[in-house]
Each structure stands twice: as C-alpha cells, then as structure tokens.
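Below: the structure, in structure tokens.
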Amino acid sequence: MTVHLIPRPAHLHLEEGTLPVSPTGEITAQGEGAQDAAQWLRSRLTGPGVPVQITAGPTFSTHPEAYELRVTPRGITLTGLPDGLLRGVATLAQVLEQHPAEVPCLTVRDEPRFAYRGMMLDVSRHFMPLGDVKALIDELAALKFNTFHWHLTDDQGWRIEIKRYPKLTEVGAWRRRTLKGHASAEPAEYDDTPHGGFYTQDDVREVVAYAAARRITVIPEIDLPGHAQAAQAAYPELSCRGEALEVWDRWGINHEVYCTRDQTFTFLQGVLDEVIDLFPSRTVHIGGDEVETGHWAGCPDCREVMRREGLTRVKELEGYFIGRIAQYLTGKGVRVIGWDEITEGPLPPGVTVMSWRGFEGGIDAARRGFDVIMSPQSHVYLDHYQGDRETEPLAIGGFSDLHKTYSFEPIPPELTPGEARHILGGQANLWREYIPDTAHVQYMAFPRLHAVAEALWTPREGRDWNDFQRRLPAVLGGLPRRGVNFRALDQADDREAEDHSSLP
Ligand code: TNX
C-alpha cells in the first residue's frame with residue numbers, strides 16, 4: 001500500500017500491516033485545540049468510523065505547527081500543539097480518503113519549512129458568496145496553508161461593511177456593468193448587468209471564526225492610496241477634485257487615487273478602526289500597489305501637503321501616505337503589510353513587504369532588514385494562463401503552468417543566510433477580473449495551489465517535480481467528492497523524461 005500526500009511531509013515511514021476501519025471507531029480529543037481538530041476531521045470523513053486519539057502535547061519538534069501521526073493495527077494517534085493538530089488532520093484526511101476501509105500503518109513526523117503560507121483572494125472584481133469563501137478556506141486548510149489574505153476593496157467594488165460609512169457598501173459595493181472580453185479589446189463591450197455584494201461585519205466574524213477553527217489567519221486588505229475608486233464613488237470628497245465617480249467598470253491601472261488632504265486620513269482611520277476590531281490577527285494589508293500620481297500633481301490640497309511635509313517630488317506623497325497610515329496602525333499594535341511598491345519610498349518601521357512584481361522588491365526589503373512574503377507574478381499568479389490560450393478560458397494574460405508554479409522557490413539565491421531569514425514564506429494570488437464565479441476560481445486555483453502548498457511546506461530537499469506528479473492524481477481525487485472543481489492534469493508531460501533534477 002502507498003499513500004500520496006501533498007504537501008509531502010518532512011518524514012513519512014510506511015510500516016507493515018494495516019488498521020481495518022469499523023463503524024465502531026471513535027474520534028477522541030484531549031487538550032487545547034484537539035476539539036477543533038476532531039471536529040474538522042469528522043467533517044472530512046465520508047466512510048465508517050475510525051479510532052483516532054487526538055492529543056495536544058509536545059512532539060519531536062518545538063515548532064507550533066509540528067505534529068506526529070501514527071497508524072498502527074490498534075488505532076491512530078495524532079499529537080501536536082494546537083496548530084500542529086490541524087495540520088496533522090490534513091494529512092490524516094488524505095490518508096483516509098485514499099484508504100477508507102483499511103489504513104496502512106505509518107508514522108509521519110512533520111513540520112513546515114515556512115511560517116507564512118498564504119493565498120490571496122480578490123473578492124472586489126467579482127464577489128464571492130460567504131459559503132464559497134468558507135469552502136475555499138477548507139481547501140486551504142487541507143493543503144496546510146495558514147493564511148487567507150482577503151482582498152476586500154478595490155476600484156470595482158467595496159466589499160466590507162463599515163458602520164461609520166454606510167455608503168461604502170450602499171454605493172461602493174455595486175457596479176452598473178462589467179466589461180465583456182479582455183480589457184485590451186477595442187471597442188469596449190459591456191454586459192449591462194449590475195454586479196455586487198458585500199460582507200456584513202457578522203459575515204466577516206463568521207469567516208474569521210471558521211478559519212480560526214482550522215488554524216488559518218485571515219488578513220484583510222484595504223487597498224490604498226490607489227485602487228480606491230469604489231470608495232470615492234461612495235464619498236466623492238475622497239478624491240482630489242471631489243467629482244462624482246462611479247464604481248469602476250473597467251480593468252487595469254486606474255488614475256483615481258485618494259487625495260492626500262487630512263480629511264482622507266480621518267476617513268481611513270475610521271475605516272481601519274472598525275477593520276482592526278474584526279480581525280483578531282491584528283494584521284492589516286494596506287495595499288500600496290499601482291499608484292498613479294497625476295491627480296495629486298494637479299491638486300492644490302496635495303501641493304499644500306507637499307509644502308507642509310517638505311516634499312519636493314509628487315511621487316514622495318506615496319511614501320507620505322503609506323507612512324502615515326502605517327504609523328497609525330503600528331501605534332495601535334497592528335502589523336502592517338504592503339505590496340512591494342512601498343519599497344520605492346522610505347519603508348515604515350516594522351512593515352512587511354509582499355513582493356509581487358518579481359523577487360526584486362522582496363530582495364531589496366530583506367536587505368534593508370524588513371520581513372518579506374514572496375508572491376511573484378512570474379510563478380504564483382493564479383489568474384495567469386495555465387495552458388494553451390486557444391483552449392483555456394479567457395484570462396488576464398501571463399503563463400504559469402503547474403510545472404512553473406511548482407518551481408516557485410521563495411528564497412532567492414542572492415540573499416545571504418542572514419537576509420534570507422526575513423523571508424517569512426510565500427503566497428499565491430488570485431485576482432478576479434476575468435474570473436466571475438466560484439467554479440472558475442477553483443479551476444484556476446487547483447491544482448496550482450497544491451504546487452504552492454508543497455513549495456511552502458516541504459523541506460527544500462524533499463521537493464521533486466516527478467514525484468509530485470505521481471502523488472497528485474490521488475490527492476485531486478478528493479476534490480469532486482466535495483464538489484470542488486479543478487483543472488484536469490495534462491495528459492503526458494514530456495518534461496518528465498528529460499528532467500532528472502529534484503527541482504524543475
Ligand atoms: C496587479 S498584484 C494588481 C492587481 C491586478 C493584478 C492582475 C497587485 C498588487 N496589483 O490589481 O488585479 O495585477 O494580475
């Protein structure tokens with residue numbers, strides 16, 4: 001008997017014998033986190049009972065996500081600290097899925113390579129119903145991700161209820177129409193169907209609790225100072241010219257930007273105060289990507305801010321904006337994350353950089369002593385094509401097939417070991433301009449998320465493309481049972497023959 005596990009564990013020993021599963025088998029739980037683990041395991045089981053003893057406690061490793069799983073002819077034991085127990089259940093669920101009647105005896109001793117293992121979902125460009133968000137979180141937990149980055153605001157929709165500013169969702173959560181086809185197509189065509197939706201604060205609490213029970217941290221993103229036209233549509237005074245804007249109906253880089261006058265900060269601090277209270281992780285992503293400064297250059301209020309702050313170039317207002325918001329949050333004990341554009345200015349103390357335009361922003365930040373999460377669009381952008389453009393559904397562009405995604409290595413070779421310690425881990429991003437519904441999200445996410453999961457969890461020396469391909473079909477087999485869509489594997493991968501190295 002064999003088991004096929006993704007991500008591949010640090011240590012797996014298959015042993016002689018099996019454990020027959022019988023309807024009388026019971027799951028018992030002891031200690032902190034064990035109940036959550038037991039409950040999640042029950043929700044994953046389809047077959048008869050299994051005798052599993054889940055016990056919170058120390059293992060071979062002091063890592064909080066380490067666990068030890070043993071299957072013997074007498075039963076199954078899972079030991080670990082609270083986070084580790086959830087990761088162990090993810091492993092056990094894959095084993096049981098593949099062997100529902102008779103479980104092979106084995107020992108797994110496992111812990112992650114990286115502390116941060118994330119996925120970002122854009123719910124602004126297209127909304128995702130609450131239940132589907134929770135189902136996605138389940139799949140993340142199954143692959144041992146520990147962070148869900150929720151991109152809640154952008155030009156095309158504001159998706160989180162803010163009690164102080166009700167128009168953000170009354171107005172900002174709805175757009176009149178959506179572009180049909182690719183944004184580069186001329187002339188532009190629209191579907192003339194309103195699109196929208198938002199999460200109430202109760203919805204947000206529900207998602208956070210659901211994720212917490214699976215030991216997944218939810219990080220909200222409130223994108224600023226660009227990517228904010230939906231907020232400006234709700235409150236026109238947030239733009240430099242105070243003009244009436246609509247929630248944006250196009251894709252691409254927008255010229256709209258929050259004005260840098262003080263009133264904008266009063267607004268954003270009010271928003272952030274409510275956001276902080278909803279997310280116990282006390283971590284907020286403040287965006288910072290793709291800022292167009294044209295409106296600032298022509299705005300008397302922004303000119304006045306430049307004079308007051310002693311800034312000579314309009315571009316410096318970007319660093320001012322990010323710095324002021326970061327300082328506000330840091331002062332409240334909140335950890336701040338921003339996209340790598342923020343490295344172009346003075347980095348606020350303690351900020352974590354998320355490197356998306358490539359590895360360079362992350363390398364720069366690590367060398368400057370800042371923590372980094374690698375999410376380069378070259379490897380882990382799940383909105384990019386994963387196959388032939390002729391036959392794949394319309395996508396934004398790019399090309400990252402499974403092989404490319406699997407080759408994602410978060411630690412760039414040019415960093416010294418000291419600098420490399422700042423690389424906390426990595427993240428796959430799913431932007432949704434061209435991905436309207438959940439089945440399509442799943443099609444783009446799986447199995448590329450399986451590849452990212454392994455890049456982030458498995459020890460460097462344990463990663464092997466050929467071996468990954470061998471394990472994948474069995475693991476993917478569980479998805480349809482849960483109603484989760486995925487992209488079927490390509491028939492023959494001719495790279496296999498020529499590729500003898502352990503990494504692609
Ligand atoms: C760039 S990645 C963006 C997003 C787009 C994405 C499309 C990043 C921080 N900004 O606004 O949706 O490209 O791939």
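First listed ligand is number 1; within each ligand, the first listed atom is number 1. Along the sequence shown, residues carry numbers from 1. Just so it is clear, the structure is predicted and the values come from calculations on it, not from any experiment.
Listed by first and then second residue, the ring-ring contact (aromatic ring centres under 6.0 Å, His included) pairs that reach into residues 205-229 come to none, sequence neighbours excluded.
Under a 4.0 Å N-O distance rule, the pair R175/D249 does not qualify as a salt bridge.
Between Y320 and R324, the side chains place a donor N or O and an acceptor N or O closer than 3.5 Å (distance only, hydrogens not considered). Between the side chains of Y116 and Q427, at least one donor N or O sits under 3.5 Å from an acceptor N or O.
The ring of H182 has its center no closer than 6.0 angstrom to the ring center of W251. Between Y235 and Y165, a ring centre-to-centre spacing shorter than 6.0 Å is recorded.
Around ligand 1, the residues contributing at least one heavy atom under 4.0 Å from the ligand are R125, H227, D289, E290, W339, W356, Y381, D383, I396, W431, E433.
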